[in-house]
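Only one structure is covered here, and it is reproduced in the block below.
Being a predicted model, the structure only gives us computed values, none of them experimental. Naming: A, B, ... by sequence-line order, numbering from 1 per chain.
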Amino acid sequence: MKRRAPSDKSTTDEECDDSDEIAQNQDQDDNSSQATLSESDLAPAEGGGDHSGSGINNSTIKTALIPLNSPSLNQLATSLGLLITHSDIDVNDVIVKSECLPNKHKQQHAHPSVCHHWLRDSAAAGRILPIALYVLDDYNPNNSEDGSDDLPPNPQSKNACFRIHPLNSPNEHLVHALRILKQDRVARDERWNALAYSRAAAMVKSFPHRIRSKDDIRLQLSYDSNDTVHTKNIGEKKIRAKIEEYLNYGRISEAETIQNSASHKLYNALCSIQGIGPRRAYELSRTGASSLGELVERGSITQEDVTLAQHLELGIPRTEVSSIAGVVMENARTLLPHPTHAICGGYRRGKSESNDIDILITHHGYTLQQMNEFLANLARRLQDMGFLTKLMRQLSLSDGHSDKHDYQSTLLGVVASSSKYGTTDSAQVTFRRVDIIVCHPHSFHLEVLAWTGSVMYERDLRAFVKRRNLKLNASCVYDEHTNNEVDLSGIRSERHLLAFLHLPWIAPENRNCD
DNA sequence: AAAATA
DNA sequence: ATTTTGA
DNA sequence: GAAAAC
C-alpha cells in the first residue's frame, strides 16, 4: 500500500465497473434516521432508583461528545439524568457529562447495564444505537442482529469509517502536502506524528468542497466560542498552522523543502524495494549515499532488487488488473469447481491504476484447511506455467501432509504480465505484485472488508469496534474478554456485515482515505 | 501530533 | 499529566 | 525478537 510514491495523482474518472461478484444488494428501508428509542432499548439501563442517577450508578464521570443536531439523543441523555453543557470548543456539539459505569472489565451486577461508549457511539453514528452490544454483562451477538438498515455516514466523525472519502478530492493539493509531511515523519521514525498527519489528510480529503478560506471549512464543521474553526483530527497547534499557511500562500513551505531534499527522494526509492521498510530505508539513507546506484555498488542492495522495484512501481491499469485476475481464476477453476472470488484493494475502491492485485477466493462448503491446500496447489500450478515468478511468502507445500498443516492462506507473489499487444516477444513483460488470499466462506465478507482498505479506513474500523469490546481482524470477529468468536455465517454481504457492526455503509469508492 | 483518559 | 493511537 | 508484509 505504501508503495506509492508521493506522486499519487490518481488520473481521473474511469467508470469503476461493478463487476464485483459480491452481492451487496440489500433492501434497506431508509426511513428513520431520527431513531426513536424503544422500550426494550432503554429498559436494561434503567436499574431503578432516583432520578439524577437513574440506573447508571455513581462511579466515575465520563464525557461524551454529542452533536446538537440529534435531538433525540439529547432528549435521551436528559431522560437518563445526564448533564448537558455547552462545550467551549464547538458550538454544534455539547459535552455530556455522565455518571457511567467503568467500561470493560469483569462486572458482578445483578442487572444489565450499558457502558458509556454507547452514548458516544450513538453520537458518532448520529443516531441512537441499540444497546445490545454495549451491555456490560453477557453479550450475545445473536440477539442483537437487527441491522439490515444502513446507518448514515457522518461527515463530522473523527473516525474515517464514518466518512466519505472519494477518489478525487477538490482539495487534492492540500491533501498531498499533508501526506508529504506524513511521509517525512515516517522517515524520521516519528510514527505517531505521522499518524496524526495521515488523519488530518484523511479529514481534509473527506471535505466535499474546495477549501479556499477558513470560512469554507466552517461550512462543514463547527467553531468554538472564540470564533475559531475547529476540525476533528486537526489540532489547534501544529497542523492547524500548516493549513492556515496553505490557505494564505497556497503552499506549505515545509512540504516543499521535504519534497526537494535528496534524502527524502532516496528514502522513498529505498522503500519501494521489496524487503526494505521504514527502518532499513532510514538507516541506508543516512549512510551518506546519494543514490540507489551507489548503494548497489556498495553491496547494500542488489541491482536485481532495484530493477524489480522499477517494475512494481508502475501503476496497473484496471483492464490489466482484471485480466491478471482472469488468468488466476481460470487456473483456480481447474482445481476447484465453482469458486467465489472478489478483486479487492485499490481496484475495488475504483482507482484507475492499482499498485498491486488483491484476489480473494473462497468456496462454499470448504473448510479453511481445504482452501489452504487449494491455494498451495494453485501456487504450484501458476509457477509451473511460468506466470507466478516469485513468491514472497513461501507456502510450505510438503505434499505429504505431515500433520503440520502449515499451509498459509495468503500468497504474496509476483507475476509476469505480458502487456497484451506485445508484438515483440520477451521484452514486453511487466512484473506485477499479486496477493491471492483464500478464506473460509463464513468470513468472506469480512475478508473483503479487510482487503479493500484503505489503510486508514481499516484502522478506524477496528478502533471503533474495539470500543465495544469486539476485536476484528481479516478473518474473524470475537469478544475481547470472553474470546468467543462472533458467528458470521449469517452475514449475507459486506453491507450486511457493516450494518451488523453498526457501521454506516460506505461504498468502496468512498473509502479512499489514504 | 492529536485526542482520550485519569 | 499520562496514555493511546489497528491487527 | 525485529522488521517487513498486508
For a side chain to side chain donor-acceptor pair (under 3.5 Å) with Asn512(A), tell me which candidate from His165(A), Arg349(A), Lys351(A), Lys205(A) qualifies.
-> Arg349(A)
Quick check on [N]: is either OP1 or OP2 less than 4.0 Å from any side-chain nitrogen or oxygen of [X]?
{"X": "Arg462(A)", "N": "dG6(C)", "answer": "no"}
{"X": "Lys466(A)", "N": "dT5(C)", "answer": "yes"}
{"X": "Gln274(A)", "N": "dA5(D)", "answer": "yes"}
{"X": "Asn193(A)", "N": "dA1(B)", "answer": "yes"}
{"X": "Arg433(A)", "N": "dC6(D)", "answer": "yes"}
{"X": "Arg459(A)", "N": "dC6(D)", "answer": "no"}
{"X": "Arg279(A)", "N": "dA3(D)", "answer": "yes"}

What is the distance from CG of Leu449(A) to C1' of dG6(C), rounded to the nearest Å?
-> 13 Å
Compute the centroid of each ring, for Phe374(A) and then for Tyr366(A), and state whether the two points are separated by less than 6.0 Å.
-> no
Write down the distance separating the P atoms in dG6(C) and dA3(B), rounded off to the nearest Å.
-> 14 Å
dA2(D): pairing nucleotide in any strand, Watson-Crick or G-U under 3.5 angstrom | none
